[in-house]
Undergrad: 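The structure is given below, and queries will be raised subsequently.
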Amino acid sequence: MADIHSTFQYSTPAHRSGSSLDGMWLFLATEVLFFGALFLAWTVSRHYHAAGFAEAARHTEISLGTINTVLLVTSSLAYAAGLAFIEQGDTRRLLQCLSLTGLLGIAFVCLKLLEWHDDFYEHLFPGSGFALHGPDPGGAQIFFSFYFVGTGLHILHMLAGLGLLAWVILRAWRGAFSSRSHLAVEAVGLYWSFVDVVWLVLYPLIYVVGRPG
Amino acid sequence: MAELERLPPAQHETRDVTWRFFVIGTVGMLVTLALLAGLSALLYPASLTDRTLLGRLPPSPSPALQSSPRADMDRFRREEMQRLDSAGWVDRAHGLVHIPIAEAMRKVAQEGIADWPGPAAPSPVDPSQAGQIQEGAPRTAPSPQ
Amino acid sequence: MSHALDATAGEIEAATVRDNRDNYLTDEWTVWSWLATTDHKRIALLYFASITFFFFLGGAAAALMRFNLLTPTGAIVSPETYNRLFTLHGVVMVWFFLVPAVPVTIGNFVTPLMIGARDLAFPKVNLLSWYLFITGGAITLWALFMGGLDTGWTLYTPLSSAYAKGYVVPVAVGIFISGFSSIATGLNFIVTIHRLRAPGMTWYRMPVFLWSLYSTSVIYVLATPVLAMTLLLLAFETVFRVGVFDPALGGDPILFQHLFWFYSHPAVYIMILPGLGVVSEIIPVFARKRLFGYKFVVWCSVMIAVISFFVWGHHMFVAGTSIYSAIVFSLLSFMVAVPSAIKVFNWIGTLHKGFIHFDAPMIYALGFVGLFTMGGLTGLFLATLAADVPLHDTYFVVAHFHYIMVGGMVSAFFGGLHYWWPKITGRMYPEMWGRVAAAMIFFGFNLTFFPQFILGYLGMPRRYHSYPPEFQVLNVLSSAGSTILAVAYLMPLFYFAWSLLAGARAPANPWGATGLEWQTPSPPPVQNFTSTPVVTEDPYSYPSPEAIQMEQAETGEARPNG
Amino acid sequence: MSFSLPAASSNAPEVDALLAALLLMSCAVLALVFGLMFFYVVRYRAGSRIDRGALAERTFRFEISWTAATLAIFFGLFLWGADLYVRLFEPPADALKVYVVGKQWMWKVEHPGGQREIDTLHVPADQPIELVMTSEDVIHDFSVPAFRLKRDVVPGRYETLWFRADRPGTYHLYCDQFCGTDHAHMVGEVVVLSGPDYRKWLSVTPGSETLAAQGQALFIHFGCSGCHGGNGAGSYGGPGGSPPGSTGQAPAPSYSTVRAPPLVGLYGSPVPLSDGSVVIADDRYIRDSILDPGAQIVASYQNVMPSFAGQISEEDLVKLIAYIKSLGAQRADAGQTGG
Ligand code: HEA
Ligand code: HEA
Ligand code: CUA
Ligand SMILES: [Cu+2]
């Protein structure tokens, strides 16, 4: 169990878990501000480069994006189901749900890497060899710099999420969780659904807004 | 070190601020901000119509100038000296190589160069070139400094 | 944030404690016990050492700058070096000294003691915070010494992204990492103050220092992520030559300024709020009197933290933003000044009818009140729209923020250091030397920065390696002052070190102060309190003046000992 | 070593009055704060035996009174500052326009008469001058302490700064926004001349033909006349193009393959755009139309004008604009000419 000097300030297990979840909620608040600044800069740049952004949006693969959205939403669903099972103490069902979440997460990452591969192939990465020469090439380049910063950060958060998920699965496998004590499952669940919400904001910004224009 | 006694579990205060406080605070704050912004617009209507930027200005064509001539010169001189004092291939296929300048000078001094022409008459200087100095455009106003 | 939760955590093991004659310093003494400690008291000392190093590094750069400014032609260093010096001075002093300063040293040490807890909510996150700080610091130092940066601490684009000759990306990475150290500290304090207060300590029975630490942590948590994203976008633009902020490629440099100042103004309130808290702790103790208007003072800290997020535009009055936004930001900048004004009046109210003692902490606190007011008032000059137009980017601004950050905040930091030194080390510092250093710092400081107000009015621009000859006399005065200041700042180093070896043993409560941290031995044991204290009365419950006067009549000694 | 700064522009005295008021208020507050502090610290020092009874329990009255006083004074300062600020940055319509281009570490100044200066600016006294400023590389800041004025000079857009210098003399010009290695050397002088001296300076300084004249040469050189007509009268193009309503005295439109709008009297008049909005054709709009025509297309015209970004340098742009502004009087419906 954790080194005693890092929990002896708590009076009851509920006290400790309540504090830990408060900590996770606060961490998510900082992430909201972190991504918020990106979305703000994205929107302001879009206002200045409507034409360039629209043209660039037309070169994103909306099909892959939509599949990914479905994958991620179902993965959060699976996680929530797992949490419900462990609250009844059913570790076996929890393990099944968490593994499903993991698989869907890995599928998401692979699909994303595939999409990036296509983007690089089509020279859509901003810089010297940028392929698009439409009405506002500068704007298109700025779109794709936000695209790669946004999806890059999201992938990093996904990998961190998958790492945490593996840690939770390992501890569940060792029977560390019961209906009374499953703090880690709940905390990682909060983080996972947050990463899902970030994608739900990224998806329209990349694939939908300005495309039909 | 003798272990003395096991610590009794800690206790803590449970009375805390509730969500209601944060919600009321945020709403109150946003309302005050809106009022102050409105007040400013009321007091200075002229400021609302100032010429904000009309759309986005295209990039102005401007060459990226040297921002630090000294540093560029130092780097250039360093590279030149490094090349001058080092040995290395010039053209591997034809076996051409460059050697440190000091060594090269010493070698030439000893062996001389194979088909170097003897002390022939100096080549005539083309008269039309000599003595012409390009007349630079005069600067319009002397810059005081 | 109290929502009932069933038991979802592991068992809480009862901690065993070694021989309780040991304190947190003598508990164990191996390198590993320091580098892997989760004890908030030891982490505070680790931070204290790192902060002091960065302060003197930044100070040395400042001293070099002042030497160069002795002559109008700036003969000591070349323009390239001078630009790198003030950038190093700005970056190191802001991000590696003053933003963390009080919260991570005094805050880390004293918060659990003040609320009667055994440690912060997340001890391991606290240690992680220090490692992030050290890593960020190392990277930034490496970059600043390898080639440095000539953009100023504000890193404006397109200079920083397209034209800078220095190590923009490594410095951005260093600050990015140290940003997460601030976020970790802020997160830790917020959860601790909500969750670990001793029984009976409601929010209104909490010391004012913890309210200001809570407000600071709110800004840590909400503002620093925006800086992180701004630096990330700047690095992306610099590496891949893309135009998010670079107008030559279609970007908008004003967008960078908005994002930068959205963090950087709240950051300056991160720097001052802990100082306001420290001074509100010291003045009641050495005036032996209840803090005047406790509720007003604590809510002023919260209001400063809240309004600070809406005033960033006052750094851009002449940058090309619209006239309407300038007017709104000017009005909001005046609003953010009101809580500070209320605090100053409440401090003076506390002095009224008190029993004032002139120990070193009190001298620093009184110095703070004076210099903070001067710094704040000059902030009002800059918040007044038409006054900022001539004063922007001149030495008037430099004087404004040094009065508040050096005159104010550094005095508060030193005051807090002297006040809690007996509790931290179990030793008393030499009182006479403490007062001499305080007076010298006060004098050296004013000589350094008051002339800069006049230079600013006369129009001497900031960040100038050389200047017109008519400004020389004022610059020489300022440089003279900075040498006195440099020497004065070295003095505490010596007498604090001396006190560790030969200082008198400190009792649990050397100042006769109220507050839980004074009810446990100095230095405190590992678990802070042998048994968790129960709080029953308000924080500054000093006897009424009549009671002290009667007791004074009997014993003839104004301060009850111990 | 002078402690006083000359007040050489029409607004300078009022800015000085505002600064003096702020100084006075600050000294009053400092006297209050330091005074009370010293008085209490001495009077209530630990050893003194004076009576300290009747401590005020209810502090509410004090708090409200000093908060209200602070708010009132702050609000007064805000009003004065904002009111003066609006006047500082609203240029009068009839101001003499001078173009300023900042580049790493020098100021290039271009007068309408074609005179060009580096690091100096000669201006006539007692006449509103409007500086139209841009930068070729990083952000600079045109600052003249004697006029109590400065404005950041941002690359990629025009910033304006106006003043009326009312005291002839030579005043410092600084660059106040850090711009790299020689930021400290990007200084210069603003020379204010009385009316006659200024005219003498104008005549003696070899201003090559006026800005507008140079602009006309460029107008032909870059092929603008191909579509907009030799003298910018516009052209009615090939089949389907209807001749634009001629405005009587305007030169007859010439025939060309592309239908392009007349530029005569364009400057300062409202232009209906294809997206239905109407904009005033000022310096910025003309510059936009040349560098990025696609951004704002004139109503009833195709977006066929090529973008000249990258081909026309900053100075040539300034000349082209000066030429377009010199083309004929205002159009029939003059409308508000907005600076
Ligand atoms: C600890 C740091 C700190 C603090 C607390 C402050 C506090 C304030 N600052 Fe300052 N500021 C900086 C650090 C700080 N500042 C820095 C670092 C910069 C420059 C950054 C850069 O460009 O590099 C800066 C720059 C800066 C500017 C931009 C100047 C420019 O570049 O053009 C402005 C403009 O509004 C400003 C305003 C204020 C105001 C209104 C306050 C207020 O919060 C002050 C409130 C306090 C008081 C007002 C005093 C107490 C009041 C009384 C005793 C009662 C008064 C009563 C009556 C008047 C009746 N500051
Ligand atoms: C945040 C805190 C902080 C602190 C504490 C200080 C402290 C000092 N600062 Fe600075 N300063 C800033 C923040 C700070 N500063 C910022 C943000 C800027 C703007 C940067 C920019 O424009 O980008 C600035 C800019 C700035 C300038 C303007 C430079 C310019 O615009 O050209 C000047 C000029 O005098 C100056 C001076 C000083 C001095 C004399 C001190 C003194 O208090 C320092 C006292 C001296 C010491 C503490 C040194 C003692 C030790 C030694 C001398 C040697 C011994 C060394 C070892 C033992 C290793 N500072
Ligand atoms: Cu141009 Cu500083
Ligand atoms: Cu600010």
Side-chain angles (χ1 to χ4, degrees), chain A residues 1-23 25-27 29-38 40-41 44-45 48-49 52 87 125-128 136-139 141-142 144-146 148-149 153 176-177 179-186, chain C residues 1-16 37-39 112 117-125 183 186-188 190-192 194-196 221-230 232-233 236-237 240-244 249-252 255 258-259 262-263 526-527 532:
Chain A
M1 254 305 284
D3 142 44
I4 34 171
H5 278 289
S6 69
T7 58
F8 74 149
Q9 71 274 26
Y10 291 110
S11 42
T12 64
H15 185 207
R16 177 170 178 247
S17 61
S19 308
S20 305
L21 290 177
D22 285 354
W25 277 108
L26 265 171
F27 173 68
T30 66
E31 292 270 46
V32 166
L33 265 299
F34 184 64
F35 280 101
L38 175 71
L40 177 85
V44 166
S45 300
Y48 285 141
H49 292 284
E87 274 156 4
F125 192 82
S128 50
D136 174 10
Q141 286 215 34
I142 294 177
F144 274 103
S145 38
F146 280 121
F148 280 105
V149 168
L153 281 175
F177 301 129
S179 59
R180 254 171 25 81
S181 147
H182 46 273
L183 167 63
V185 181
E186 196 158 355
Chain C
M1 310 250 207
S2 63
H3 32 75
L5 266 161
D6 62 5
T8 55
E11 283 317 314
I12 301 290
E13 274 187 45
T16 57
T37 176
T38 55
D39 179 353
R118 292 176 180 161
D119 205 318
L120 292 173
F122 311 114
K124 286 190 184 151
V125 170
I183 292 174
L187 192 132
N188 222 333
I190 290 177
V191 176
T192 306
H194 274 291
R195 284 282 179 168
L196 291 176
V221 160
L222 295 182
T224 317
V226 175
L227 171 76
M229 180 50 76
T230 312
L232 189 101
L233 287 174
F236 190 89
E237 169 165 320
F240 297 106
R241 292 299 308 115
V242 169
V244 179
L249 304 164
D252 178 12
L255 174 61
H258 279 294
L259 286 172
F262 181 83
Y263 161 77
V526 171
Q527 78 283 6
T532 311

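Not measured: the values here are computed from a predicted model. Below, chains carry the letters A, B, ... as their sequence lines are ordered, and counting in each starts from 1.
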Undergrad: Measure the spacing between CZ of Phe262(C) and CG of Leu33(A) and express it to the nearest 0.5 Å.
TA: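 Separation between the atoms: 6.5 Å.
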Undergrad: Compare every heavy atom of Ala41(A) with every heavy atom of Leu233(C), then report the nearest pair and how far apart it is.
TA: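 Distance-wise, the nearest heavy atoms are CD1-CB, 4.0 Å.
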Undergrad: Counting only non-hydrogen atoms closer than 4.5 Å, does Ile183(C) touch chain A with its backbone (N, CA, C, O), its side chain (CB onward), both, or neither?
TA: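 Contact with chain A is through the side chain of Ile183(C) alone.
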Undergrad: Of the listed residues (Val125(C), Val191(C), Thr230(C)), which shares the most heavy-atom pairs with chain A below a 4.5 Å separation?
TA: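 Most pairs with chain A among the choices: Val191(C).
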Undergrad: Taking His15(A) for the side chain and Leu196(C) for the main chain, is one N or O donor matched with an acceptor at less than 3.5 Å?
TA: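 It does not hold such a pair.
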Undergrad: What's the separation between atom CG in Asn188(C) and atom CG in Leu26(A), rounded to the nearest 0.5 Å?
TA: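 So the gap between those two atoms works out to 10.5 Å.
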Undergrad: Rounded to the nearest 0.5 Å, how far does CG of Asp22(A) lie from CD1 of Ile190(C)?
TA: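 It is 10.5 Å, given to the nearest 0.5 Å.
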Undergrad: Nearest heavy-atom pair of Gly250(C) and His49(A): which atoms, and what distance?
TA: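 Closest heavy-atom pair between Gly250(C) and His49(A): O-NE2, 2.6 Å.
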Undergrad: For Phe34(A) and Ala228(C), which heavy atoms make the closest approach, and how far apart are they?
TA: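 Phe34(A) and Ala228(C) have their closest heavy atoms at CE1-CB, 3.6 Å.
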Undergrad: Minimum heavy-atom separation for Gly23(A) to Leu187(C), with atom names?
TA: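 Minimum heavy-atom separation between Gly23(A) and Leu187(C): O-CD1, 3.7 Å.
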Undergrad: Closest heavy-atom contact between Asp252(C) and Tyr48(A)?
TA: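 Scanning both residues, the minimum pair turns out to be OD2-CE1, 3.3 Å.
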Undergrad: Heavy-atom cut-off 4.5 Å, strictly under: side chain, backbone, both or neither for Phe146(A) against chain C?
TA: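 Side chain only.
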Undergrad: Who passes side-chain hydrogen bond (donor to acceptor under 3.5 Å, both in side chains) against Asp39(C), sequence neighbours left out?
TA: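 Result, side-chain hydrogen bond (donor to acceptor under 3.5 Å, both in side chains) vs Asp39(C): Lys41(C).
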Undergrad: Side chain from CB out, backbone as N, CA, C, O: work out which of these in Leu255(C) comes under 4.5 Å of a heavy atom of chain A, or both, or neither.
TA: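 For Leu255(C), the contact with chain A is made by the side chain alone.
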Undergrad: Can you confirm whether Ser145(A) sits close enough to Phe236(C) that some side-chain heavy atom of one is under 4.5 Å from a side-chain heavy atom of the other?
TA: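 Of all side-chain heavy-atom pairs linking Phe236(C) with Ser145(A), at least one is under 4.5 Å.
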Undergrad: Distance check, rounded to the nearest 0.5 Å: Leu249(C) atom CG versus Ile142(A) atom CD1?
TA: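 Those atoms lie 8.0 Å apart.
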Undergrad: Using side-chain hydrogen bond (donor to acceptor under 3.5 Å, both in side chains) as the criterion, list what pairs up with Gln141(A), not counting sequence neighbours.
TA: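 Checked Gln141(A) against side-chain hydrogen bond (donor to acceptor under 3.5 Å, both in side chains); zero matches.
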Undergrad: Could you tell me if the side chain of Leu153(A) sits less than 4.5 Å from the side chain of Met229(C), heavy atoms only?
TA: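 Yes; the side chains approach each other to less than 4.5 Å.
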Undergrad: Which heavy-atom pair separates Gln9(A) from Ala121(C) by the least distance, and what is that distance?
TA: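 The pair with the smallest heavy-atom distance is NE2-O, 3.1 Å.
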Undergrad: With only heavy atoms counted, which part of Phe125(A) is less than 4.5 Å from chain C, the side chain, the backbone, both or neither?
TA: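 For Phe125(A), the side chain is the part near chain C, not the backbone.
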Undergrad: Heavy-atom distances under 4.5 Å only: say whether Leu232(C) touches chain A with side chain, backbone, both or neither.
TA: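 For Leu232(C), the side chain is the part near chain A, not the backbone.
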